[in-house]
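Just so you know, these numbers come straight off a predicted model, no measurement behind them.
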Amino acid sequence: MSTQTAEEELAVVIGLEVHVQLETDTKIFCSCSTEPAEDEEPNTRTCPTCLGLPGALPVLNEGAVEAAVKIGKALDSDIPERTEFHRKNYYYPDLPKNFQITQYDAPICADGSLEVSVEGERREIGVTRAHLEEDPGSLQHKGGSIDTADYTLVNYNRAGTPLMEIVTDPDFRSPQETRAFLAKLEEVLEYLGVFDAQRDGSLRVDANISLVPGEKVEADGHIPDAALEAANRTEVKNISSHKAAEKALAYEVTRQKNAVRRGREVAQETRHWDESRGITVSMRSKEEEKDYRYFREADLPALEVSHWKEEIPIPELPDARRERFQTEYGLDEESASKLTSTKEVADFFEDVAESFDPDLAATWVADNLLGELNYRDMAITDVEDRLDEFTRLVELVDEGEVTTKNAEEVVLREMLDEGVDPDTVIEQEGLGKAESGEVEAAVETAIEENPDAVEDFHEGDEGAINFLVGQVMQQTGGSADPGQVNQLLRERLAE
């Protein structure tokens, strides 16, 4: 088979299992904290329950269930009348009980979806199910990666942390689509207040990749179940971000296509993404459902929480807020997208927009403030307690007390770097707006000292007026309004 033929005849099919750490104070089945202490020692944030010691019984965390219901509502999922927990039995060093408490055939959420945009095209990704489970511990491979390490250490501090596993339909046809989905999912979860992307290990992805004959793909992009079942499926683990997902899947798709081109069969196996080397390595043969010997968790009663779907509110989600910003504030799509990138940014903008013209508020929040924060590797949450100071800066610009240029290039930067308020910066730097008499005098000086530029302007060179404006701004220390200076110069030169 030629390279070109292989590329044309093989379609990529990807499904994701996204493990999201829920933001709760305690673990899912015990009272151990989910917040690592400073300089925390391994295996100290544990108890008999999360270590699976004999006689210890689990008690379900209500906060985790509420978070799961919120996710179900955001994904427009069905929440059944009755949902149950099961034991997933397998041995792995990071699983102290030798089984994981999870959900099997009665998940708390099923049949949902999430719409994403990929290169300008809107696509709806199906969510097969989303269920609650406990996190295993963590493994630390010393002296190399998983396949080359001299030895491996186990830390059970993370064991028992509440997870929501979100399982998609096999709807992805490229690694780029998975990255777009994960970015959108993170955005929604953060709006819900159930997830913190900054927390280490808060999102982990297992991806299932298959190659199917291109002719099996129907006109609407659907692939029949029979074609999916006939294809060998590779699972890739240890993916920790949407950027890593794109890189890992791009590598794995290329690896599988190369195998087919060489006449080899793609093995049905589980592989490990080694981010440091940028490759996947084989771990073991792919388990099947029957290998886990699921059975009902007798120590936990069934849940009946479908009524919570109506009782538990969720905030306005990103897409809805983006559309509202365009209609209510008259913002363009790009500005609305920037201003809804996180719930905190959107809230900050709306607070500023209560007092000022929406376009002015959007410019200062989306362009000026976010730009300076990004440059400093800061987030809006680092300054949200200084809303009054930032609003005061916009007020000073709006009332003409300081020029836009000085506000952007001096005041805002010193506010962020020095932690001072805008009035203090303006006073210390002498940035108050120049008096009209001072500006008029500077205009006269610029005209007198630059006769060549005056002559060029009279001969039709518009660039000359910009030069003269620059001379005036220099004389006034940037405290004059450039628009006013331009107007004064034109009036004076027209005499």
Side-chain angles (χ1 to χ4, degrees), residues 23 25 35 38 186-200 202 315-318 321-322 324-326 328-332 334-434 477-479 481-482:
E23 282 296 296
D25 293 333
E35 190 66 38
E38 189 174 344
E186 277 195 12
E187 185 182 57
V188 170
L189 294 171
E190 289 197 305
Y191 261 73
L192 292 174
V194 302
F195 170 78
D196 181 4
Q198 302 305 313
R199 188 187 288 271
D200 184 44
S202 60
E316 185 180 31
L317 296 177
R321 203 164 192 183
R322 203 163 288 135
R324 179 169 67 81
F325 277 18
Q326 293 180 68
E328 182 175 332
Y329 296 112
L331 303 180
D332 58 46
E334 181 181 358
S335 296
S337 294
K338 286 182 181 179
L339 291 168
T340 54
S341 57
T342 70
K343 184 176 182 297
E344 292 78 12
V345 169
D347 289 344
F348 199 96
F349 162 73
E350 293 216 81
D351 286 336
V352 177
E354 284 184 3
S355 305
F356 303 100
D357 176 79
D359 285 336
L360 179 65
T363 296
W364 272 93
V365 177
D367 298 332
N368 299 336
L369 180 58
L370 291 185
E372 294 294 335
L373 290 174
N374 289 336
Y375 177 76
R376 291 162 175 77
D377 198 24
M378 297 171 66
I380 199 76
T381 51
D382 295 320
V383 296
E384 60 185 354
D385 60 340
R386 300 177 66 190
L387 173 65
D388 291 346
E389 292 181 16
F390 183 77
T391 303
R392 173 61 177 159
L393 175 59
V394 179
E395 180 184 24
L396 291 168
V397 174
D398 191 42
E399 294 180 351
E401 297 298 321
V402 65
T403 66
T404 300
K405 179 181 175 65
N406 282 338
E408 292 174 354
E409 298 181 2
V410 182
V411 183
L412 177 59
R413 293 174 184 177
E414 289 199 20
M415 286 174 64
L416 295 175
D417 293 337
E418 307 298 332
V420 293
D421 63 85
D423 289 288
T424 299
V425 177
I426 291 170
E427 182 179 355
Q428 290 177 345
E429 301 294 337
L431 299 177
K433 190 172 181 182
S479 61
D481 179 85

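Salt-bridge formation is not detected for the pair Lys343/Glu190: no Lys NZ or Arg NE/NH1/NH2 atom is positioned less than 4.0 Å from an Asp or Glu carboxylate oxygen. Residues Asp417 and Arg376 are paired through a salt bridge, judged by an N-O separation under 4.0 Å between the basic side chain and the carboxylate. Taking 4.0 Å as the cut-off between side-chain N and carboxylate O, Arg413 and Glu418 do not count as a salt-bridged pair. Look at Asp421 and Arg392 and you find no salt bridge, because none of the NZ, NE, NH1 or NH2 atoms lies under 4.0 Å from a carboxylate O. Comment: Lys338 does not engage Asp332 in a salt bridge, judged by the lack of any side-chain N to carboxylate O separation of less than 4.0 angstrom.
To the nearest 0.5 Å, atom CZ of residue Phe390 and atom CH2 of residue Trp364 are 6.5 Å apart. Rounding to the nearest 0.5 Å gives a distance of 4.5 Å between CD of Glu344 and OG1 of Thr342. Expressed to the nearest 0.5 Å, how far CD of Glu401 lies from CG of Asn406 amounts to 13.0 Å. Taking CG of Leu317 as the reference point, atom CG of Leu189 lies at 10.0 Å (rounded to 0.5 Å). The line from CG of Asp423 to CD of Gln428 is 11.0 Å long, rounded to the nearest 0.5 Å.
The side chain to side chain contact (heavy atoms under 4.5 Å, CB included) test with Asn368 is passed by exactly one of Leu373, Leu393, Thr363: Thr363.
The two atoms that bring Ser202 and Phe195 nearest to each other are O-CE1, 3.3 Å, heavy atoms only. Scanning all heavy atoms of the two residues, the minimum distance from Glu389 to Val420 falls at OE1-O, 3.7 Å. Among all heavy-atom pairs drawn from Ala361 and Val352, the shortest one is CB-CG1, 3.7 Å. In this structure, Ser341 and Glu187 approach most closely via the heavy-atom pair O-OE2, 3.7 Å.
In this structure, a donor-acceptor pair under 3.5 Å is absent between the side chains of Asp388 and Thr391. For the residue pair Arg322 / Thr340, a side-chain donor-acceptor distance below 3.5 Å is found, with atom types taken as modelled.
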Pair Phe348-Val365, side-chain contact (heavy atoms from CB on, under 4.5 Å): steps then yes or no: CA-CA 8 Å; Phe348 199 96; Val365 177; 4.3 Å; yes
message: Test side-chain contact (heavy atoms from CB on, under 4.5 Å) on Met415 and Glu372; report intermediate values, then the result.
response: CA-CA 11 Å; Met415 286 174 64; Glu372 294 294 335; over 6 Å; no
task: List the steps, then state whether side-chain contact (heavy atoms from CB on, under 4.5 Å) holds for Arg324 with Glu350.
output: CA-CA 12 Å; Arg324 179 169 67 81; Glu350 293 216 81; 2.8 Å; yes
message: side-chain contact (heavy atoms from CB on, under 4.5 Å), that's the test. Do Leu369 and Ile380 meet it? Break it down for me.
response: CA-CA 9 Å; Leu369 180 58; Ile380 199 76; 3.7 Å; yes
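Counting non-hydrogen atoms of neighbouring residues, nucleotides and ligands closer than 6.0 angstrom, the CG atom of Asn374 exceeds 12 such neighbours. Under a cut-off of 6.0 angstrom, the local environment of CG in Asp385 is crowded, with over 12 non-hydrogen atoms contributed by other residues, nucleotides or ligands. Annotation: Glu328, atom CD; neighbour count of heavy atoms from other residues, nucleotides and ligands within 6.0 Å is above 12.
In this structure Phe349 satisfies the ring-ring contact (aromatic ring centres under 6.0 Å, His included) test together with Phe325, Tyr329, sequence neighbours excluded.
Between Glu35 and Asp25 there is no side-chain heavy-atom pair separated by less than 4.5 Å. Counting heavy atoms from C-beta outward, Asp398 and Glu395 have side chains that stay 4.5 Å or more apart.
A donor-acceptor distance shorter than 3.5 angstrom exists from the side chain of Asp382 to the backbone of Ala379, with no hydrogens or angles considered.
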